[in-house]
Amino acid sequence: MWKAGMSSEIGKALQAVVDRVKQAAARRPQTLPNVTPRLVAVSKTKSPEKVVDAYQQGQRNFGENYVNELVEKSSDPQILSLCPDIKWHFIGHLQKNNVNKLLSVPNLFMVETLDSAKLADRVNSSWQRLRTVNTQRLKVMVQINTSGEESKHGLPPEETVNTVKHIISRCPALHFIGLMTIGRYGYDLSEGPNPDFQMLLGRRRELCESLQLPIEEVELSMGMSTDFEHAIEVGSTNVRVGSTIFGEREYPNTPSPEKRSKVVTEEAAEKMKHLTVTEQ
């Protein structure tokens with residue numbers, strides 16, 4: 001059951017983020033589209049109760065990183081009954097063998113992480129097969145690896161135009177709406193604008209010029225809890241914020257901060273004991 005007592009904590013955090021989104025949007029140069037960015041509340045590892053809580057506060061867009069978790073959460077009876085207008089965004093790495101499972105999610109709104117033409121083809125054919133002829137096209141974004149880190153998924157930046165062109169011309173069941181990036185973690189803004197965000201901005205310009213697309217119709221999904229305000233200021237239209245709304249993520253079998261502190265203290269004491277014995 002949804003617990004009303006939870007709403008004050010998540011509700012206040014959510015409202016604070018919404019306010020910060022609006023304030024960051026107001027600081028953007030007038031050359032950028034005057035639209036309020038979409039806030040995607042990342043509910044990864046969070047309970048259905050917390051999703052319902054945020055929904056009750058007015059939040060509608062939610063993001064998940066793992067297919068199995070999204071399938072389970074989106075089918076939860078509480079969410080199905082209490083969140084009829086929820087919009088699920090898939091924001092994690094999508095493997096081809098999980099496409100059908102992902103596309104079965106009720107209220108799937110957008111897949112933000114297409115990173116190859118072959119994956120786009122698989123999603124396109126599956127969406128055509130799983131949905132009725134009259135259904136809306138599935139909104140998709142193309143993920144770009146702007147930082148060049150091997151640990152990050154996404155297209156090499158130079159493949160952006162050809163991949164988007166393929167989706168637009170060869171994938172009639174998909175509706176391309178923008179580019180997405182994760183970028184490097186912990187970038188120091190005192191060194192200047194985030195180069196990963198600047199890279200995505202540049203790729204959008206190139207894309208729009210090459211394919212004659214209106215720039216206001218190509219969204220940018222960039223910015224998370226630590227940098228969403230900067231991302232909005234430079235042009236992001238879609239930000240993915242999790243821990244700032246819901247608190248730190250809760251991973252199974254992960255010791256609590258108190259337990260971790262105790263373990264570290266015990267390990268330090270044991271090491272000191274060993275050193276003392278060695279010195280003797």
Side-chain angles (χ1 to χ4, degrees), residues 35 37-44 51 55 59-76 79-80 83-144 153-155 159-182 200 203-204 207-208 211 213-214 216-222 236-240:
V35 295
R38 181 190 299 106
L39 171 62
V40 179
V42 181
S43 48
K44 173 184 175 182
V51 172
Y55 184 94
Q59 180 64 23
R60 291 295 180 269
N61 292 277
F62 291 82
E64 288 286 336
N65 292 68
Y66 299 113
V67 172
N68 288 339
E69 184 176 358
L70 175 54
V71 168
E72 181 178 354
K73 199 171 293 183
S74 65
S75 301
D76 184 89
I79 291 179
L80 288 174
C83 309
D85 299 320
I86 196 168
K87 298 176 180 180
W88 290 110
H89 294 235
F90 185 70
I91 59 175
H93 178 57
L94 178 59
Q95 297 178 319
K96 293 185 183 71
N97 61 345
N98 280 329
V99 168
N100 287 344
K101 186 182 295 185
L102 173 63
L103 299 191
S104 70
V105 166
N107 293 314
L108 180 65
F109 181 70
M110 187 187 304
V111 177
E112 296 194 18
T113 51
L114 295 188
D115 59 5
S116 71
K118 289 184 178 179
L119 179 59
D121 287 339
R122 177 69 65 87
V123 173
N124 177 72
S125 60
S126 294
W127 188 254
Q128 287 178 316
R129 185 173 63 255
L130 293 171
R131 305 290 172 161
T132 63
V133 176
N134 295 322
T135 191
Q136 292 184 343
R137 292 182 296 162
L138 176 64
K139 294 180 177 64
V140 298
M141 289 186 173
V142 171
Q143 182 179 2
I144 310 299
H153 294 286
L155 276 175
E159 296 181 17
T160 302
V161 173
N162 285 339
T163 304
V164 173
K165 183 178 180 180
H166 177 90
I167 292 172
I168 293 174
S169 62
R170 303 288 184 86
C171 301
L174 305 184
H175 181 194
F176 168 76
I177 69 164
L179 305 176
M180 177 265 208
T181 194
I182 295 175
L200 202 66
R203 290 301 165 180
R204 179 174 68 172
L207 175 67
C208 291
L211 303 184
L213 300 174
E216 63 272 10
E217 293 182 10
V218 179
E219 294 197 30
L220 296 178
S221 177
M222 56 188 191
S236 180
T237 62
N238 187 89
V239 291
R240 312 176 302 271

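Throughout, residue positions are numbered sequentially from 1 according to the sequence presented.
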**Student:** Nearest 0.5 Å, please: how far is CD1 in Ile182 from CG in Leu200?
**Tutor:** 11.5 Å
**Student:** Which atom pairs, one a donor and one an acceptor, fall under 3.5 Å between side chains of residues 89-99 and the rest of the protein, sequence neighbours left out?
**Tutor:**
unit_1, atom_1, unit_2, atom_2, d
His89, ND1, Glu112, OE2, 2.9
His89, NE2, Asn61, OD1, 2.9
His93, ND1, His153, ND1, 3.4

**Student:** Report the C-alpha distance between Glu219 and Lys139 in whole Å, list the side-chain angles of each, state the deciding distance to 0.1 Å, and finish with yes or no for side chain to side chain contact (heavy atoms under 4.5 Å, CB included).
**Tutor:** CA-CA 11 Å; Glu219 294 197 30; Lys139 294 180 177 64; over 6 Å; no
**Student:** Enter the distance from Cys208:SG to Glu217:CD here, rounded to the nearest 0.5 Å.
**Tutor:** 9.0 Å
**Student:** Could you report the tightest heavy-atom contact between Leu130 and Leu103, atom names first, then the distance?
**Tutor:**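 Heavy atoms of Leu130 and Leu103 come nearest at CD1-CB, 3.7 Å.
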**Student:** Could you work out, with ring-ring contact (aromatic ring centres under 6.0 Å, His included) as the rule, every residue matching Tyr55, not counting sequence neighbours?
**Tutor:**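 Checked Tyr55 against ring-ring contact (aromatic ring centres under 6.0 Å, His included); zero matches.
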**Student:** Hey, is the main chain of Lys101 close enough, under 3.5 Å, to the side chain of Ser104 for a donor-acceptor pair?
**Tutor:** yes
**Student:** Hey, could you give me the OG/CE distance between Ser221 and Met110, rounded to the nearest 0.5 Å?
**Tutor:** 8.0 Å
**Student:** With Trp88, which of Val40, Val111, Leu70, Leu102 fulfils side chain to side chain contact (heavy atoms under 4.5 Å, CB included)?
**Tutor:** Leu70
**Student:** Kindly list each side-chain donor-acceptor pair under 3.5 angstrom involving residues 170-181, sequence neighbours excluded, with atom names and distances?
**Tutor:**
unit_1, atom_1, unit_2, atom_2, d
Thr181, OG1, Ile144, O, 2.9
Thr181, OG1, Thr146, OG1, 2.7

**Student:** Could you state the interatomic distance from CZ (Arg129) to OG (Ser126), rounded to the nearest 0.5 Å?
**Tutor:**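 The OG atom of Ser126 is 4.5 Å from CZ of Arg129, to the nearest 0.5 Å.
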**Student:** Quick one, Thr113 with Leu119, criterion side chain to side chain contact (heavy atoms under 4.5 Å, CB included). Give me CA distance, side-chain angles, the key distance, then yes/no.
**Tutor:** CA-CA 10 Å; Thr113 51; Leu119 179 59; over 6 Å; no
**Student:** Kindly say whether Val51 contributes a backbone atom to a donor-acceptor pair with the side chain of Lys73 at under 3.5 angstrom?
**Tutor:**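 Flag not set: sc Lys73 to bb Val51 has no pair under 3.5 Å.
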**Student:** Nearest 0.5 angstrom please: Gln59 CD to Lys87 NZ, how far?
**Tutor:**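 So the CD of Gln59 and the NZ of Lys87 are separated by 10.5 Å.
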**Student:** Measure the spacing between CG of Leu114 and CG of Leu138 and express it to the nearest 0.5 Å.
**Tutor:** 8.0 Å
**Student:** Glu72: which residues meet the salt bridge (charged side-chain N to carboxylate O under 4.0 Å, His left out) condition with it, sequence neighbours left out?
**Tutor:**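 Per chain and number, Glu72 pairs via salt bridge (charged side-chain N to carboxylate O under 4.0 Å, His left out) with no residue.
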**Student:** Between Val142 and Thr160, does the side chain to side chain contact (heavy atoms under 4.5 Å, CB included) criterion hold? Intermediate values first, please.
**Tutor:** CA-CA 8 Å; Val142 171; Thr160 302; 5.5 Å; no
**Student:** Could you pull out the closest heavy-atom pair between Val218 and Leu207, with the gap in Å?
**Tutor:**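 Shortest heavy-atom separation between Val218 and Leu207 comes out as CG1-CD2, 4.2 Å.
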**Student:** What residues, two or more places apart in sequence or in another chain, satisfy salt bridge (charged side-chain N to carboxylate O under 4.0 Å, His left out) together with Arg203?
**Tutor:** Glu206
**Student:** Please output the side-chain donor-acceptor pairs of residues 162-169 that fall under 3.5 Å, not counting sequence neighbours, one pair per line with the distance.
**Tutor:**
unit_1, atom_1, unit_2, atom_2, d
Thr163, OG1, Glu159, O, 2.9
His166, NE2, Asp121, OD1, 2.7
His166, NE2, Asp121, OD2, 3.3
Ser169, OG, Lys165, O, 2.7

**Student:** Would you say Asn238 and Arg240 make side-chain contact, with heavy atoms under 4.5 Å?
**Tutor:** yes
